[in-house]
Undergrad: 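Input: one structure, supplied below.
Only heavy atoms go into these numbers, but all of them, side chains included; no hydrogens, no water, no symmetry mates. Each chain gets a letter, A, B and so on, in the order its sequence line appears, and its residues count up from 1. Since we're looking at a predicted model, the values are computed, not measured.
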2 protein chains.
Amino acid sequence: MKPPTITDVAQEAGVSVSTVSRHLRGDRVRAAERINRAVARLRYRPSPAAQSLKSGKTGAVALVVPDITNPFFAAVVRGAESITAQGGHTIFLANTDESDAREAEVVEDLITRVDGMLLAPASENNPSPQRLADAGVPTVLIDREAPSTGRFDTVLIDNHGGARFAIEHLLSNGHERIATIAGTVDSTPGRFRLEGYRDTLAAYSIELPPEFVQPGGFKEHGGYQSMLRLLALPDPPTAVFVANNTMTIGALRAIKDIGVRVPDDLSVVGFDDHPFSEILDPPLTVIDRPMEEQGALAMRMLLSRMNNDSSRISRRVVLDVRLTERASCGPPRNTPMGARRKAARI
Amino acid sequence: MKPPTITDVAQEAGVSVSTVSRHLRGDRVRAAERINRAVARLRYRPSPAAQSLKSGKTGAVALVVPDITNPFFAAVVRGAESITAQGGHTIFLANTDESDAREAEVVEDLITRVDGMLLAPASENNPSPQRLADAGVPTVLIDREAPSTGRFDTVLIDNHGGARFAIEHLLSNGHERIATIAGTVDSTPGRFRLEGYRDTLAAYSIELPPEFVQPGGFKEHGGYQSMLRLLALPDPPTAVFVANNTMTIGALRAIKDIGVRVPDDLSVVGFDDHPFSEILDPPLTVIDRPMEEQGALAMRMLLSRMNNDSSRISRRVVLDVRLTERASCGPPRNTPMGARRKAARI
DNA sequence: GTGAAAGCGCTAACAG
DNA sequence: CTGTTAGCGCTTTCAC
């Protein structure tokens, strides 16, 4: 019942193991046909363990993301897979659930099992990229930078610009009391989307109370809680920029629970599109980006690193984002005088 | 720059490799402290390739699903991970995109890399489970059965009953012209949800035109197209049962595009809950099930198979589902006489 | 307790 | 073009 080995195949085909090995790896061999038959008859499958013990290559790459449920990361996976499809690399997918601790475990475990890694670190003060570098595992960072910036190939998007687009869109609708539900602030997208929010408001000389920035940790529940707090403010915002799609789901649930109307009572802009965005009532205005391309690009860069490119200079790509306007934004409602007065005081 | 081996550690600690090996696997050893220090200093990590070449075990299990984007499968993953967390098994996740061909590739590739597999086959006439059985890889099927039913441990849900709950709910609202957007009909859930629909209608002596069954292939786009076709019928249904969550998204998009109102013009019941279901307008009535439990249970069964349990009899678990009533169903609207006449003719 | 040594299945010189 | 052979890093007898 033990699986057949290359020796069994060699015997069955009446050749030596090296001939079998050569044939399997593509060399021209006389006994090709006989070997094929032997392989088929025995249902021989080469042992990856033996292969990688010998060659030092595993034939696999890992793709580690904070949240597979998020359609953004799902798209990244598709993009990455589209590149490996033809070439013979297995992709191992792993989920860290936005947790540094979980990521450390996962990376530690995968580090010896793969030839390269695509990683979207849970946070910026996260040792994983360094571990990978120390272990000599080619690594490309996706969407999030490493503490020691500049040392890794990275595929980012223009988070700061995206936030700016969102805020300016709200501004152009006449809003000033604009709040944000921020992501994990020590992650690249969380940080820059928040900075984009702040810088844009500052550029328009708008000052807002600190409670207008609510942390949502990129999780649905965080979005829900944050929106609840925002809505409970004595002087609530007339517009909210939510820094990712999962938090937006939570935020909209809170909005629904409270009975606030969008966009009449509150305008909303999300970050990252989602299949559901269009069927919401009203459809959601979002900042969108080339998701699959981000995954595909990252995989191409990784493959190139793994193949040869040992250049010391790391590449840092920043992809553009754009505003997809739907119907969740409108002019601010008439604020009661009391609210106005308080607003003026800030 | 080569990674340190167990020999390096042995040298550094001044003991033999076997002592190091023993210590690492938990045996009591005198030089424990010294070995630990050597391991740390050298940053030694055992080579999984060498370990599994020797032991025949990979320390990994695979979890292969048709669509990671689907929150149902995401929940299954969480459930499965919750079981392995403590124990030392790496989980490799893989996506087959509802494709038999892709699944064959993925399974073929993983078959030599793991000690066991959790698989949700893309369809019932799919050779993968058989391949796994032939290769002697312990396998537990999730949500979908194998052609040779009864030979595999399987964790299912009551698809037929779920469909019945949905149809009876619609019936109790006064609907008779009930259509369905079916999933992949050659997959277990697709088949039984459709049979549940048919059997329930038959039990109430309701006959409907064949166009009332539209295939959606479990994909969002399929749901969209199917709903479009349903709505374009000269005599459209007053209610629709959509056989999974992703198709429901597509169906609702079509509904929105056409301008049909839910539940006024059309009542909708979905299968499988989704974070978005609650924030839709109206919130969606769905058939719900214990998703994480399905994953956790499957993983427990797999682990038990891998550990010892070589009993020939396979276990087949069927979990209950329930109707989560929200607001997407109501009484049928007044049908114009023309429609009535045609309906009577069927 | 510990060490020496035999392989696990495969690849890549090396010598024909 | 083909066969022989030496390991890759580790676990596990087997003797001590």
Undergrad: For R22(B), what residues pass the side-chain contact (heavy atoms from CB on, under 4.5 Å) criterion, not counting sequence neighbours?
TA: S18(B), T19(B), D27(B), V29(B)
Undergrad: Taking the minimum atom-to-atom distance to the side chain of R30(A), which one of dG1(C), dT2(D), dA4(C) wins?
TA: dT2(D)
Undergrad: Who pairs with V185(B) by side-chain contact (heavy atoms from CB on, under 4.5 Å), at least two apart in sequence or on another chain?
TA: L194(B)
Undergrad: For a quick check, with a 4.0 angstrom heavy-atom cut-off, what is the B/S/- contact string for nucleotides 9-15 of chain C, read 5' to 3'?
TA: BBBBBB-
Undergrad: Does a side-chain N or O from T19(B) land closer than 4.0 Å to OP1 or OP2 of dT2(C), or not?
TA: no
Undergrad: Can a donor-acceptor pair be found between the side chains of D67(A) and T69(A) at a distance below 3.5 Å?
TA: yes
Undergrad: Starting from the first five and the last five pairs of the helix from dG1(C)-dC16(D) to dG16(C)-dC1(D), work out the angle between the resulting helix axes, to 10 degrees.
TA: 40°
Undergrad: For A298(A), check side-chain contact (heavy atoms from CB on, under 4.5 Å) against everything at least two apart and list the hits.
TA: L118(A), V140(A), I142(A), V155(A)
Undergrad: Among all residues two or more places apart in sequence or in another chain, which pass the side-chain hydrogen bond (donor to acceptor under 3.5 Å, both in side chains) test with R30(A)?
TA: none
Undergrad: Without decimals, in angstroms, what is the distance between D8(B) CG and dC8(D) P?
TA: 11 Å
Undergrad: For R78(B), enumerate each residue passing the side-chain hydrogen bond (donor to acceptor under 3.5 Å, both in side chains) test, keeping only those at least two apart in sequence or located in another chain.
TA: E292(B)
Undergrad: Using distance only, find each side-chain donor-acceptor pair of residues 32-40 of chain B under 3.5 Å and give its atom names and separation, not counting sequence neighbours.
TA:
| unit_1 | atom_1 | unit_2 | atom_2 | d |
| --- | --- | --- | --- | --- |
| R34(B) | NH1 | A13(B) | O | 2.6 |
| N36(B) | OD1 | H23(B) | NE2 | 2.9 |

Undergrad: Enumerate the residue pairs fulfilling ring-ring contact (aromatic ring centres under 6.0 Å, His included) with a member in residues 90-123 of chain A, sequence neighbours excluded, ordered by first and then second residue.
TA: F92(A)-F92(B)
